[in-house]
Amino acid sequence: MADTKREIERKYEATDDTRLPDLTRAAGVDRTVHRGLTELDAVYYDTADLRLAADGLTLRRRTGGADEGWHAKFPVAVGVRDEIHEPLSEAVPPSLAALLRSRARHAEIAPVVRLLSSRDVHHLLAADGALLAEVSVDKVIAERLAGEGSGATATWTEIEVELADDGDPAILDAVEKRLRKAGVRPAESPSKLARALAETTPVRHGEGRQKDAPHTAGDHVLAYVREQISAIVRLDPAVRRDLPDSVHKMRVATRRLRSTFKTHRRILDREVTDPIGAELKWLAAELGLDRDQEVLDERLGSRVEALPATLTLGPVRGRLRAWSAARRTGSRRRIVDVLDGKRYLDLLDALDALSADPPLRPAAGREPGKALRRAVLKDYKKLARRMDHALEQPPGPERDTAMHEARKAAKRARYAGEAARPALGKPAKRFTKRVKAVQTVLGDHQDSVVAREALRMLAIQSHAAGETAFTWGLLYGQEEAAAEARERELPEVWARASAPGLRADLKR
């Protein structure tokens, strides 16, 4: 099993004659302990076109030091990465290769850079002897092993300050304050690998220019599409690691992308996007197999826990656990199998191809304001029709179904507003916020519909087993009341989202 740790560090520029200032003057530091010199030999791996580096990921095989072995690092925030460690071996460990599959796909992962580091290590300790941070002065020799600049070398010295496990990030600020007073400045490169690649890659005239800002309707739609494609690829390792909310976020990205294809058929050729949309629907369904059950479990579980003991009659918790286990598909393993499968990798390739060579229609070249405004209003009109139909229905199954259909339309209108926001500004932001409020009410109502059906089944099972169904009936009543409250709330929330002024803003 791979070990994972959260790495929080900062890097600083240094020279061969740079000396560390007295860091005991940093707030919270009682003393420093010199741990000596360590020689590190790290080989970094990537695809030939450096796909991992492009996304800020690193994969290395390192000897020397206390944690020699294979390390894969995934960015979390500026200066924060999750580091996953596997023992030393000759080949890339399968577990790490799987985490990188959404980036690498079918491409070979091979050595691209070798870094030799002489690391002079100092520990910063608190008054009680607890480790606060590790400060190292690294003298680095980098050699490019493949690609442009192969054979080129670079050397530099840097200071690295890494927070101890469960340490207070305020220590990093205190140490930085002392370093800055000594004339030491933060490094420009976020990692040694990034600096090695930058310093060993031949510079071509004209490189480094910023991309032009989106100025056509197609530019804006493609920016949103590429954002969702990037999210799917980025979330793949998180889903494999079973990180909180990762499945839900990946599923939302697939829905946003599919919805955008439908909304902007005047901009993106549906002959290309419809087949991809069908595959996105398949992926969302696979991701949702246990996600929907998790949401339902949380809802019912919280209802049960909120009941006083006097109203919890019979083996309620045990019955709920057994029912939930029986409905689960074992999708944790199934999802990983899906992500390892050819169909999923083919979908990622198709998304890459669409991004690289988008199937733009003539309307894509038009001014964005008019084209995107038209698309948003079209989706809004569809939502309005479904809302009118839902609000006309008497309470009961017909209204439940109509509200669920309105919820789907609200999602699509919301995503259309999100995509249009960079072009339309505040009107699109207000529109998206109010449609999201409608979606939230409709979504909670639908969750109650699903919960009531589940409670009815639990009551039937309990009765058949000779148990009292009292508690399930009580919970059913609570869900019924919650749904009625949402139905009463909906007209007011919809009125805010359908206000003439809000639509007029979009039309300007």
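Just so you know, residue 1 is the first one in the sequence shown, and it goes up from there.
Without hydrogens or angle criteria, T155 side chain to V140 main chain gives no donor-acceptor distance under 3.5 Å. Between the R101 side chain and the L339 main chain, no donor and acceptor come within less than 3.5 Å of each other. The closest donor-acceptor contact from the side chain of T440 to the backbone of K436 lies under 3.5 Å. For D46 (side chain) and V112 (main-chain N/O), no donor-acceptor pair under 3.5 Å exists by modelled atom type. In this structure, R486 contributes its side chain and D444 its backbone to no donor-acceptor pair below 3.5 Å. Proximity of a side-chain donor or acceptor of S117 to a complementary backbone N or O of R119 within less than 3.5 Å is not detected. Checking side-chain atoms of E68 against main-chain N and O of G64 turns up a donor-acceptor pair under 3.5 Å. With T432 contributing its side chain and A428 its backbone, the two residues share a donor-acceptor pair below 3.5 Å. Without hydrogens or angle criteria, S324 side chain to L320 main chain gives no donor-acceptor distance under 3.5 Å. Panel note: side chain S102, backbone V233; a donor-acceptor pair is recorded below 3.5 Å.
In this structure, L88 and G69 approach most closely via the heavy-atom pair CD1-CA, 3.6 Å. For the residue pair V43 and P111, the shortest heavy atom distance occurs at CG1-CB, 3.6 Å. Nearest heavy-atom pair, D30 versus A127, reported as atom, atom and distance to 0.1 Å: CB-N, 3.4 Å. Here the closest heavy-atom approach between residue A196 and residue V113 is recorded as CB-CG1, 3.9 Å. Among all heavy-atom pairs drawn from T254 and A284, the shortest one is OG1-CB, 3.4 Å. When every heavy atom of A133 is checked against every heavy atom of I171, the shortest pair comes out as CB-CG2, 4.2 Å.
The 12-atom threshold is exceeded at NZ of K5, counting heavy atoms of other residues, nucleotides or ligands nearer than 6.0 Å. Around the CG atom of D49, the shell of radius 6.0 Å holds more than 12 heavy atoms that belong to other residues, nucleotides or ligands. Applying the 6.0 Å contact sphere to CZ of R303 captures more than 12 heavy atoms from other residues, nucleotides or ligands.
Residues E479 and R299 are paired through a salt bridge, judged by an N-O separation under 4.0 Å between the basic side chain and the carboxylate. With respect to D173 and K177, no salt bridge is recorded, no charged nitrogen being found less than 4.0 Å from a carboxylate O. Salt bridge annotation for K192-E158: present, with a cationic side-chain nitrogen under 4.0 angstrom from a carboxylate oxygen. A salt bridge links R61 to E90: at least one charged side-chain nitrogen sits closer than 4.0 Å to a carboxylate oxygen. The existence of a salt bridge linking D67 and R62 is confirmed by a sub-4.0 Å separation between a basic side-chain nitrogen and an acidic carboxylate oxygen. A salt bridge does not link D138 with K11: every distance from a Lys NZ or Arg NE/NH1/NH2 to an Asp or Glu carboxylate oxygen is 4.0 Å or more.
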Take R81 and E9 through the test salt bridge (charged side-chain N to carboxylate O under 4.0 Å, His left out) and record every step on the way to the result.
-> CA-CA 9 Å; R81 294 186 290 182; E9 65 181 18; 3.4 Å; yes
Using the side chain to side chain contact (heavy atoms under 4.5 Å, CB included) rule, take D400 and R452 through it: C-alpha gap first, then chi angles, then the decisive distance, then the call.
-> CA-CA 12 Å; D400 293 343; R452 276 179 280 157; 4.3 Å; yes
Working for side chain to side chain contact (heavy atoms under 4.5 Å, CB included), residues S118 and E39 | CA-CA 5 Å; S118 264; E39 300 296 332; 2.8 Å; yes
Between D274 and K262, is a salt bridge (charged side-chain N to carboxylate O under 4.0 Å, His left out) present by the stated rule, with each step listed?
-> CA-CA 8 Å; D274 279 1; K262 291 181 177 179; over 6 Å; no
Check against side chain to side chain contact (heavy atoms under 4.5 Å, CB included), R195 and T200 | CA-CA 9 Å; R195 181 164 184 171; T200 60; over 6 Å; no
Report the C-alpha separation of K73 and E7 in whole Å, then their side-chain angles, then the decisive distance to 0.1 Å, and conclude whether the side chain to side chain contact (heavy atoms under 4.5 Å, CB included) test is met.
-> CA-CA 9 Å; K73 297 187 180 185; E7 177 185 82; 2.9 Å; yes
Between R226 and D352, is a salt bridge (charged side-chain N to carboxylate O under 4.0 Å, His left out) present by the stated rule, with each step listed?
-> CA-CA 9 Å; R226 287 167 178 152; D352 274 356; over 6 Å; no
Salt bridge (charged side-chain N to carboxylate O under 4.0 Å, His left out) between E418 and R421, intermediate numbers included = CA-CA 5 Å; E418 288 178 351; R421 182 175 170 183; over 6 Å; no
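One finds the CG atom of L116 at 5.0 Å from the CG atom of D41 (value rounded to the nearest 0.5 Å). Taken to the nearest 0.5 Å, the CZ atom of F261 stands 5.5 Å off from the CD1 atom of I276. To the nearest 0.5 Å, atom CG of residue L455 and atom CG of residue L475 are 5.5 Å apart. T471 OG1 to R317 CZ: the interatomic distance, rounded to the nearest 0.5 Å, is 9.5 Å. Distance check, rounded to the nearest 0.5 Å: CE of M403 to OG of S448 gives 9.5 Å. Rounding to the nearest 0.5 Å places CZ of R51 at 10.5 Å from CG of D55.
Annotation: ring-ring contact (aromatic ring centres under 6.0 Å, His included) contacts involving residues 51-80, sequence neighbours excluded, comprise Y45-W70, H71-H85. Sorted pairs that involve residues 157-180 and meet ring-ring contact (aromatic ring centres under 6.0 Å, His included), not counting sequence neighbours, are lacking altogether.
In this structure, a donor-acceptor pair under 3.5 Å is present between the side chains of Y344 and D236. Judged by distance alone, the side chains of S95 and E86 do bring a donor and an acceptor atom under 3.5 Å apart. Side chains of R144 and T201: a donor on one and an acceptor on the other come within 3.5 Å. Q439 and R414 are linked by a side-chain donor-acceptor pair at a separation below 3.5 angstrom, with hydrogens and angles left out of the test.
A salt bridge (Lys or Arg N to Asp or Glu O under 4.0 Å) with R105 holds for exactly one of D346, D349, D340; it is D349. The residue from R185, E176, R180 that alone fulfils the side-chain hydrogen bond (donor to acceptor under 3.5 Å, both in side chains) condition with Y12 is E176. Among E162, H123, E160, the single residue meeting the side chain to side chain contact (heavy atoms under 4.5 Å, CB included) criterion with S136 is E160.
In this structure, V161 and L179 have side chains that are in contact, with non-hydrogen atoms separated by less than 4.5 Å. Considering only heavy atoms from C-beta on, L458 comes within 4.5 Å of R319 through its side chain. Considering only heavy atoms from C-beta on, V225 comes within 4.5 Å of L268 through its side chain. Within the 4.5 Å cutoff, the side chain of K408 has no heavy atoms near those of the K411 side chain. By the 4.5 Å heavy-atom criterion applied to side chains, V80 and P75 are not counted as neighbours.
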